[in-house]
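For reference, the structure discussed in these notes is given below.
A note on names: the letters A, B, ... follow the listed sequences, proteins ahead of strands, and every chain is numbered from 1.
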Number of protein chains: 2
Amino acid sequence: MATGRTHRPATRSRGIPEATVARLPLYLRALTALSERSVPTVSSEELAAAAGVNSAKLRKDFSYLGSYGTRGVGYDVEYLVYQISRELGLTQDWPVVIVGIGNLGAALANYGGFASRGFRVAALIDADPAMAGKPVAGIAVQHTDELEHIIESNGVSIGVIATPAGAAQQVCDRLVAAGVTSILNFAPTVLTVPDGVDVRKVDLSIELQILAFHEQRKAGEETPEGGAPATSGRAAAVAAAAEAAAAADRKGPDGDVPAVMPA
Amino acid sequence: MATGRTHRPATRSRGIPEATVARLPLYLRALTALSERSVPTVSSEELAAAAGVNSAKLRKDFSYLGSYGTRGVGYDVEYLVYQISRELGLTQDWPVVIVGIGNLGAALANYGGFASRGFRVAALIDADPAMAGKPVAGIAVQHTDELEHIIESNGVSIGVIATPAGAAQQVCDRLVAAGVTSILNFAPTVLTVPDGVDVRKVDLSIELQILAFHEQRKAGEETPEGGAPATSGRAAAVAAAAEAAAAADRKGPDGDVPAVMPA
DNA sequence: ATGTCTTTGTGAACGCGTGCACAAAGATGG
DNA sequence: CCATCTTTGTGCACGCGTTCACAAAGACAT
């Protein structure tokens, strides 16, 4: 997962463990898909399968929210969608600013999943004066000078940083000073923030390196002496995969696009 | 962090805990920055600060790799860079394919951090026939029909999925069947893969929802009765932040750009 | 050579998260 | 109203990851 929380040791927020909070959006997505298919109830077993988790874990997760299920029947889909949405704070609108409108920033701005989940792009901010006024995803880019003004007048509490690494900390400091208390960081840097501010980072490079580690391990496992790796292991994987691929008919839950509008 | 591993319970890969593996890229980045500044050695304390972790944790992490430090002195930067690179499998080149060249796919293709870390974009693949042949980031986009051929002839073992959610599982199945054993998934779907295949997901929507949860909690904490939240809490945060911002002079480690070339 | 001072490497304790397995709850049918 | 069957909610145990705290190792000065 390209995610990684930063500071803030635990989160007994109200007894809800951090690990559970991280899974709630997953459940919500699966439930939304069921809701769209007008499915009235689901068992923990079914929902767990859809979300790709253990059913016992799911039940325990829900138990932190309260007893919303009916024994012998399962969970009411609509009710659960509401409860989770409320718990995650998605019943209100969250204005978000994106700083750094490069390729990634623009891609994020175009992300359709924002509005559908209660997030609204309040502003796009870039340091390049040439970008100012240019429309991206239907919103005019504003210059960094306006940052504080934008944050304060819109009551923005969530900021997305998509700048180069060199500018990230500075942007972060300005966001925080202006009142932002949650930051999603796409820049490959460790951000330092005061207590009370949450930072989550998304780092492509780190994700790839973790995959490379496991990939190397797999290759080395079945090729004892050093030779051309990633070949002997491959044949076996392909065989196992062919069968799995053939059995894969289930279609994607919803028509959602990834973190960005694909062509 | 916007990351999340999927199956594969533990990873005693060779005794190296999964949590440690996930931090190695972080250390590597900090070390690379030190190396560029020609710093010969670092103490665990200094390096830990740069990587944003606890120094005891860092030492324990390194202890899994072997005893590469010198008591009373610290760690040799160059040597450590080499050891971590080797452990992560970055001494070899990893060809990568990106499937789904929409806004995000294109942004990823433009990501400069690929090559610098041992990853090479072997091909860009999209289902839209109109995209075929069109150059993105200097590479001609190829049609999905070529997928199996590309994977096999280039020996690709890592695939990046940036398609809409509806197409993700199908693309995943084809990648796996063709020999890919590591997948980085940007589509908002749970992917089902056979054993032996690693999946990591990056999900903007989930990250934002997690932030929203904490944001809501912060707002509710200091505003007992329901009213206009996220306002009283803000003032305190701003005050605390101003001081922190003023004390922030350290410049970004390297000139790396985020998951994409910014304008 | 010896003593001091710094910094590593790790034993041990603790806490969180996971998964098993089962009792309790409630629906459903007779 | 009772029996049966399904599915939830959770007590418990286990394992991983984190952190503390300190002994051992080595550099460095005298």
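Between the CD atom of A:E46 and the C1' atom of D:dT6 there is a distance of 12 Å, given to the nearest Å. Straight-line distance from the CD atom of B:E18 to the C1' atom of C:dC16: 17 Å, rounded to whole Å. Regarding B:D76, its CG atom lies at a distance of 15 Å from the C1' atom of C:dT8, rounded to whole Å. For the pair B:L47 CG and C:dT8 C1', the computed distance is 13 Å after rounding to whole Å. Straight-line distance from the CG atom of A:L65 to the P atom of D:dT8: 15 Å, rounded to whole Å. Note: CG (A:D61) to P (C:dC16) measures 16 Å, nearest angstrom. The interatomic distance linking B:Y68 (OH) with C:dT7 (C1') rounds to 19 Å, in whole Å.
Contact annotation: A:S44 side-chain N/O to D:dT8 OP1/OP2 distance is under 4.0 Å. A close approach under 4.0 Å does not occur between any side-chain nitrogen or oxygen of A:R71 and OP1 or OP2 of D:dT10. Between A:Y64 and C:dC16 there is no side-chain polar atom (N or O) within less than 4.0 angstrom of OP1 or OP2. Contact between the side-chain N/O atoms of A:R59 and the OP1/OP2 oxygens of C:dC22 is not found at any separation under 4.0 Å.
In the set C:dC20, C:dG9, D:dG9, C:dC20 carries the atom at the smallest distance from any side-chain atom of A:N54. Residue B:T70 has its side chain nearest to D:dA27 when only D:dG9, C:dG17, D:dA27 are considered. Among the nucleotides D:dT8, C:dG9, C:dG17, the one closest to the side chain of A:P17 is C:dG17. For A:S43, taking side-chain heavy atoms from C-beta onward, the closest of the listed nucleotides D:dT8, C:dG9, D:dT10 is D:dT8.
Nearest-nucleotide mapping onto DNA chain C: of A:K57 and B:F62, the residue sitting toward the 5' end is B:F62. The residue among B:G72 and B:A56 whose nearest nucleotide of DNA chain C lies closer to the 5′ end is B:G72.
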Q: I would like to know whether A:V190 and B:V53 meet side-chain contact (heavy atoms from CB on, under 4.5 Å); could you show each step before the answer?
A: CA-CA 10 Å; A:V190 175; B:V53 302; over 6 Å; no
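Note: B:I210 CD1 to A:S182 OG = 11.0 Å, rounded to the nearest 0.5 Å.
Side-chain atoms of B:K60 stay outside donor-acceptor range of the base of C:dG9, with no qualifying N/O pair under 3.5 Å.
Under the 3.5 Å distance criterion, with hydrogens and angles disregarded, a donor-acceptor pair is assigned to the side chains of B:E215 and A:T181. Looking only at atom types and distance, the side chain of B:Y82 has no donor-acceptor partner in the side chain of B:E78 under 3.5 Å away. Checking B:Y68 against B:D76 by side-chain atom types alone, no donor-acceptor pair falls below 3.5 Å.
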